[in-house]
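Contents: one structure, followed by commentary.
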Number of protein chains: 2
Amino acid sequence: MSLAHVILGLLQQQERTGYDLKTECFNQCIAHLWQADQAQIYRTLDKLEAQGWIVCTVEIQHDRPNRKVFQITESGKAEFIRWLQTHQPLPILRDPLLAQLHFAAQLPNEAIVHLLEQELEARREKLAECEAVDVPSLDDPIASRDQKMHRLVLELVTQREQTYLNWLQKAIEIIQIQPSDT
Amino acid sequence: MSLAHVILGLLQQQERTGYDLKTECFNQCIAHLWQADQAQIYRTLDKLEAQGWIVCTVEIQHDRPNRKVFQITESGKAEFIRWLQTHQPLPILRDPLLAQLHFAAQLPNEAIVHLLEQELEARREKLAECEAVDVPSLDDPIASRDQKMHRLVLELVTQREQTYLNWLQKAIEIIQIQPSDT
DNA sequence: TGCTACTATAGGACTAATCATATATAGGAC
DNA sequence: GTCCTATATATGATTAGTCCTATAGTAGCA
């Protein structure tokens, strides 16, 4: 499971709690590449601990709930490096809009265009989020090796949205010039 | 769940068995837009029948197992049309390669390039599959309304792979000119 | 003769992910 | 005073999807 390895990667950078992982990582820079639910993060931490890939220290707090701080172990690091170099199967993408469009011939043109325009709106928002992320450009000489990797990831995510938007615009134009089926 | 509605759409075209759905639809033209496991198809048919959206007639065969032929009902058709016009939430994409690349700075350039090249190979195969699908072009005057929709779907899937390939090639070039971190 | 593949349905076990809720204290808003 | 948010962990229930196996007759291959 990749989530487990993403968490190992984050704990390799520094020790963190489940709460830290959620609020500082999965809700921030990791959000556009691996969304994860709070409940799933905690359960994955349990599994990683059971595997011996991370260990836990409890920080007692009195005004707030105690913190369970997780640290990666040597075997955890080894497992992470192994995963990092292992080619993973392509993810399976199931896009409901494409499923709808496959059967859309029975709808009037305006209904199809309406559907595509709602998608366009949602995708525009997502592209805006991608473009709002602040990572130095690839030609920037100040960019660290880490930042360059993050930039590459961001560029694919952005280009993917751009491709979707271009296609949506073209699709809308094409549907609009189709003879109406009434 | 979209799988249920894809099945409704297919049963609206003609009555079919679970086996037909798997071998003639989900393994063929639907494959590039909604992969589905045989077990899940049968279980979804059960749910659709319980909902009253499809009905079943058993065709008794003596040399082979009996066939359970499913037909869409009026309420099933209504539900399908409702779904067809309802905007669906954007699917969440979790791409293990992007997760790996996010943490790849600690790997030597050659290891990163190796990972990207394996992905390149897999994505090339997928693009080839997309291009092997035979649907008439959008300007083809003979193309039916249905075929035009299928063409639009195919074009997005193909362009998506093309975008991924272009990015992979660019990424490989960029990694190769990075100073090695030894 | 045994092996595999095709036709056809179905269930058990499991993984990955989501949603809702519970606990407990502190602090700010209205 | 009440409500909401933040901090922090945890569990129950459910959904979506995968993998494996069972059943049972036919047919082709070597």
Side-chain angles (χ1 to χ4, degrees), chain A residues 1-7 11 15-28 30-31 33-51 54 56-70 83 88-96 99, chain B residues 1-8 15-28 30-31 33-51 54 56-70 83 88-96 99:
Chain A
M1 197 191 25
S2 292
L3 176 62
H5 292 93
V6 171
I7 291 176
L11 293 182
E15 49 173 49
R16 297 178 207 262
T17 66
Y19 188 78
D20 293 341
L21 285 166
K22 180 60 180 161
T23 54
E24 292 165 23
C25 308
F26 289 97
N27 284 352
Q28 309 288 329
I30 304 293
L33 76 103
W34 207 280
Q35 272 184 242
D37 184 76
Q38 172 260 120
Q40 205 193 355
I41 292 170
Y42 280 101
R43 281 196 255 250
T44 304
L45 285 169
D46 289 344
K47 282 181 205 166
L48 287 171
E49 199 186 6
Q51 275 281 329
I54 59 175
C56 168
T57 323
V58 179
E59 267 180 28
I60 288 146
Q61 302 191 117
H62 298 287
D63 51 338
R64 290 176 183 178
N66 294 340
R67 288 162 55 84
K68 290 178 70 177
V69 182
F70 291 96
W83 170 80
Q88 302 297 314
L90 301 194
I92 292 165
L93 181 50
R94 293 183 178 89
D95 186 337
Chain B
M1 197 191 28
S2 292
L3 176 62
H5 292 93
V6 171
I7 290 176
L8 283 180
E15 49 174 46
R16 297 178 207 261
T17 66
Y19 188 79
D20 294 341
L21 284 167
K22 180 60 180 159
T23 55
E24 293 166 22
C25 307
F26 288 98
N27 284 352
Q28 310 288 329
I30 304 293
L33 77 102
W34 206 278
Q35 272 183 243
D37 183 77
Q38 172 260 119
Q40 205 192 354
I41 292 170
Y42 281 101
R43 281 183 183 120
T44 305
L45 284 169
D46 289 344
K47 281 182 206 164
L48 287 171
E49 199 186 6
Q51 276 279 331
I54 60 175
C56 168
T57 323
V58 179
E59 268 181 27
I60 287 146
Q61 301 192 117
H62 299 288
D63 50 340
R64 289 177 186 178
N66 294 341
R67 288 162 55 83
K68 289 178 69 177
V69 182
F70 291 95
W83 169 80
Q88 303 296 315
L90 300 196
I92 291 165
L93 182 51
R94 292 183 180 88
D95 186 338

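Below, read A as the first sequence line, B as the second, and so on, with proteins coming before strands; counting in each chain starts at 1.
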Query raised in the report: Which atoms form the tightest heavy-atom contact between Ala36(B) and Leu3(B), and what is the distance?
Result: CB-CD1, 3.8 Å
Report task. Could you check how far CZ of Arg16(B) sits from P of dA8(C), rounded to whole Å? Result -> 14 Å
Report task. Sequence neighbours left out, what passes side-chain contact (heavy atoms from CB on, under 4.5 Å) with Pro65(A)? Give chain and number order. Result -> none
Report task. With sequence neighbours excluded, give me every side-chain hydrogen bond (donor to acceptor under 3.5 Å, both in side chains) pair touching residues 34-47 of chain A. Result -> none
Query raised in the report: Just to confirm, is there a sub-4.0 Å distance from OP1 or OP2 of dG25(D) to any side-chain nitrogen or oxygen of Arg64(B)?
Result: no
Query raised in the report: Closer to the 5' end of DNA chain C via nearest nucleotide, is it Asp46(B) or Gln38(A)?
Result: Asp46(B)
Query raised in the report: Between Tyr42(B) (OH) and dT23(D) (P), how many Å, whole number?
Result: 17 Å
Query raised in the report: Are Lys22(B) and dT9(C) close enough that a side-chain N or O sits under 4.0 Å from OP1 or OP2?
Result: no
Query raised in the report: Would you say a side-chain N or O of Gln61(A) is under 4.0 Å from OP1 or OP2 of dA8(D)?
Result: yes
Report task. Would you indicate what Thr23(B) reaches in the nucleic acid, counting non-hydrogen atoms under 4.0 angstrom: base, sugar-phosphate, or nothing? Result -> nothing
**Report entry** Stems where DNA chain C pairs, listed by first number, each of three or more Watson-Crick or G-U pairs under 3.5 Å
**Finding:** C:1-30 with D:1-30
Query raised in the report: Ser2(A) and Pro96(B): which non-hydrogen atoms are nearest, and at how many Å?
Result: OG-CB, 3.7 Å
N/O contacts under 3.5 Å, protein versus nucleotides 14-19 of chain D?
unit_1  : atom_1 : unit_2   : atom_2 : d
dG17(D) : OP2    : Gln40(B) : NE2    : 2.8
dG17(D) : O5'    : Gln40(B) : NE2    : 3.4
dG17(D) : O3'    : Arg94(A) : NH2    : 3.3
dT18(D) : OP1    : Arg94(A) : NH2    : 2.9
dT18(D) : OP2    : Arg94(A) : NH2    : 3.4
dT18(D) : O4     : Arg43(B) : NH1    : 3.2

Report task. With sequence neighbours excluded, give me every side-chain hydrogen bond (donor to acceptor under 3.5 Å, both in side chains) pair touching residues 15-24 of chain B. Result -> Gln13(B)-Arg16(B), Thr17(B)-Asp20(B), Asp20(B)-Arg67(B), Lys22(B)-Asn27(B)
Query raised in the report: Counting only side-chain N and O atoms of Tyr19(A), is one of them less than 4.0 Å from OP1 or OP2 of dT7(D)?
Result: yes
Query raised in the report: To the nearest angstrom, how far is Asp63(A) atom CG from dA8(D) atom P?
Result: 9 Å
Query raised in the report: By side-chain contact (heavy atoms from CB on, under 4.5 Å), which residues pair with Leu45(A), not counting sequence neighbours?
Result: Ile7(A), Leu11(A), Leu21(A), Ile41(A), Ile54(A), Phe70(A)
